[in-house]
Protein chains: 2
Amino acid sequence: MSARSQAAPARRAPRAAVPRRGRDGTATRARIEAEALALFAQKGIDGTSVRDIALRAGLSEGALYRHFPSKEELARELFLSHYAALARAICAVDARDVGLAEKLRDVVALACRLFDEEPALFAYLLIHQHDHLRHVPATPDANVVEAVALLLRDAGLTPERAALASAMALGCVVQPAVFALYGRLDGPLAARADEIARAVTGIVEGARGA
Amino acid sequence: MSARSQAAPARRAPRAAVPRRGRDGTATRARIEAEALALFAQKGIDGTSVRDIALRAGLSEGALYRHFPSKEELARELFLSHYAALARAICAVDARDVGLAEKLRDVVALACRLFDEEPALFAYLLIHQHDHLRHVPATPDANVVEAVALLLRDAGLTPERAALASAMALGCVVQPAVFALYGRLDGPLAARADEIARAVTGIVEGARGA
DNA sequence: ATTATGTTAGTGAACGATCACTTACATAAA
DNA sequence: TTTATGTAAGTGATCGTTCACTAACATAAT
């Protein structure tokens with residue numbers, strides 16, 4: 001203590017020596033989001049305490065509340081933003097001027113890639129959909145389900161047929177992902193993308209033809 | 001006190017007049033299970049307190065622990081017993097001496113009927129699978145996934161193909177159920193059973209042929 | 001018949017732990 | 001000086017669980 005106060009007056013240097021934890025722009029927020037996502041996916045939202053998140057993000061509980069108004073808001077924002085991003089990616093595929101089969105193949109491949117590259121994110125979206133689905137807007141650029149349904153309607157399915165077909169098509173991707181999460185399916189999901197896409201195409205063609 | 005001791009000696013009759021809450025065989029346990037299931041499905045396990053369950057079942061918190069060792073055990077037993085019952089029902093279909101298409105149609109119909117008749121139960125199994133799936137034995141008579149996989153292997157699919165095909169087949173039933181839960185699909189799911197069965201058959205035949 | 005003893009199923013009031021969140025204060029940057 | 005970002009030490013509420021005790025009934029010895 002005495003050494004510090006003695007050297008205090010004109011000090012600037014010693015700060016830089018330490019790779020300061022805070023004060024690095026928006027990196028703190030990103031770190032909080034990343035750690036929260038990993039913890040939420042692994043232990044659940046209720047199973048994860050704010051202490052856990054703050055600790056792993058390298059700051060105090062109080063500091064976390066400088067970035068998010070509440071744990072619930074953090075969980076919701078995390079879900080809604082990534083869910084919307086996936087929905088927009090699907091819309092982008094739909095917007096391209098190619099055939100239905102190619103669109104379906106690309107959407108399936110997109111989902112498989114997301115699963116392989118960001119398993120924690122995918123698991124979070126999968127497992128906690130039921131906590132947040134009621135807060136998702138019913139627009140194709142914020143809602144994966146609406147995006148898929150729109151794609152099918154654009155391909156000529158009636159809204160009624162598109163509803164069931166989009167459910168089954170989603171199930172053909174989601175459930176293999178669940179299996180992969182629990183170790184019932186080995187290797188990257190992308191390796192199965194073609195077979196999944198074939199099944200999805202069969203379902204959609206069936207719904208269009210019948 | 002004086003009135004009671006006066007009438008005390010030869011009393012037996014007045015007991016039967018009152019529909020006593022306790023002492024009625026195993027009804028209490030069943031009531032706890034039913035209320036817990038409804039609450040768990042609606043508000044989640046963590047969102048439901050032991051106080052809630054006890055209140056709705058018409059007894060005190062302490063009494064609940066005469067019937068279940070802990071809230072977690074109650075939740076687990078609830079899941080495992082019903083999950084196993086569904087698995088056994090699927091195995092029973094598989095044991096019958098009929099063709100693959102008919103088996104698949106019956107299993108799909110079975111699941112749709114369960115959803116329509118006991119939505120709370122189905123929702124609980126669906127939403128909280130991830131809390132309990134790690135505790136489910138990997139035998140066909142306790143595990144829905146194993147039961148379906150066995151059915152497909154019995155139909156001639158290789159274990160490798162059966163794994164992915166059972167995932168997609170399950171997805172074709174589970175995801176429409178999720179949609180129905182969220183009001184994206186109207187009416188009883190049983191009304192869609194035939195169309196779902198057709199999709200599932202297509203997937204399985206595709207995996208067998210390829 | 002009465003009494004002693006035991007079991008089962010219940011009550012309601014704690015208990016200790018945990019949690020989300022707040023407050024008071026510090027410090028560095030603008 | 002003001003603002004953004006941080007820390008440390010709280011706060012009150014809630015939760016799962018336990019505890020001491022009681023009511024109702026069964027059984028067997030007295």
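Each chain gets a letter, A, B and so on, in the order the sequences are listed, and its residues count up from 1. Hydrogens, waters and symmetry mates play no part in the numbers below; they use all other heavy atoms, side chains included. This one's a predicted model, so the numbers in the text were calculated from it and none came from an experiment.
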Problem - Interatomic distance, B/Arg76 CZ vs D/dG16 P [rounded to whole Å] - result: 16 Å
Exercise for the section: Check whether any side-chain N or O of A/Arg29 sits under 3.5 Å from a backbone N or O of A/His67 as a donor-acceptor pair, and report yes or no. Expected result: yes
Handout entry: Salt-bridge criterion met for B/Asp52 and B/Lys43 (N-O under 4.0 Å)
Key = yes
Practice task
Look at the side chain of B/Ser49 and decide which nucleotide, out of C/dC19, D/dG16, D/dA8, has an atom nearest to it.
Solution key: D/dG16
Problem - d(CG, B/Leu64; C1', C/dA13) in whole Å - result: 17 Å
Exercise for the section: Let me know the distance between CG of A/Leu59 and C1' of C/dT27, rounded to the nearest Å. Expected result: 16 Å
Exercise for the section: Output yes when at least one side-chain N/O atom of A/His67 is less than 4.0 Å from OP1 or OP2 of D/dA4, else no. Expected result: no
Practice task
Please step through side chain to side chain contact (heavy atoms under 4.5 Å, CB included) for the pair A/Phe115 and A/Leu181, ending with a clear verdict.
Solution key: CA-CA 9 Å; A/Phe115 178 88; A/Leu181 273 182; 3.9 Å; yes
Fill in the blank from the handout: Rounded to the nearest 0.5 angstrom, the CD1-CD distance for A/Ile196 and A/Gln175 is 11.5 Å
Exercise for the section: Considering just the side-chain nitrogens and oxygens of B/Thr28, establish if one lies under 4.0 Å of OP1 or OP2 belonging to C/dA9. Expected result: no
Completion exercise
Taken to the nearest whole Å, CZ/B/Arg31 to P/C/dA9 is 12 Å
What are the atom names and distances for every N/O pair under 3.5 Å that joins the protein to nucleotides 21-24 of chain C?
{"from": "C/dC21", "atom 1": "OP2", "to": "A/Tyr65", "atom 2": "OH", "distance (Å)": "3.0"}
{"from": "C/dC21", "atom 1": "OP2", "to": "A/Lys71", "atom 2": "N", "distance (Å)": "2.9"}
{"from": "C/dC21", "atom 1": "N4", "to": "A/Glu61", "atom 2": "OE1", "distance (Å)": "3.4"}
{"from": "C/dC21", "atom 1": "N4", "to": "A/Glu61", "atom 2": "OE2", "distance (Å)": "2.7"}

Handout entry: Plane angle bin for A/Tyr124 and A/Phe79 - parallel if under 30°, tilted between 30 and 60°, otherwise perpendicular
Key = perpendicular
Exercise for the section: Send over the distance from B/Asp46 CG to D/dG16 P, rounded to a whole Å. Expected result: 8 Å
Handout entry: Euclidean distance, atom CD1 of residue A/Ile45 to atom C1' of C/dA20 [Å, nearest integer]
Key = 14 Å
Exercise for the section: Check the distance between D/dA4's P and A/Arg29's CZ and give it to me in whole angstrom. Expected result: 15 Å
Handout entry: Nearest-0.5 Å distance, CZ of residue A/Arg66 to OG1 of residue A/Thr28
Key = 13.0 Å
Handout entry: Check: A/Ala138 main-chain N/O paired with A/Asn143 side-chain donor or acceptor under 3.5 Å
Key = no
Exercise for the section: Quickly work out the B/Ile32 CD1 to C/dA9 P distance and round it to whole Å. Expected result: 10 Å
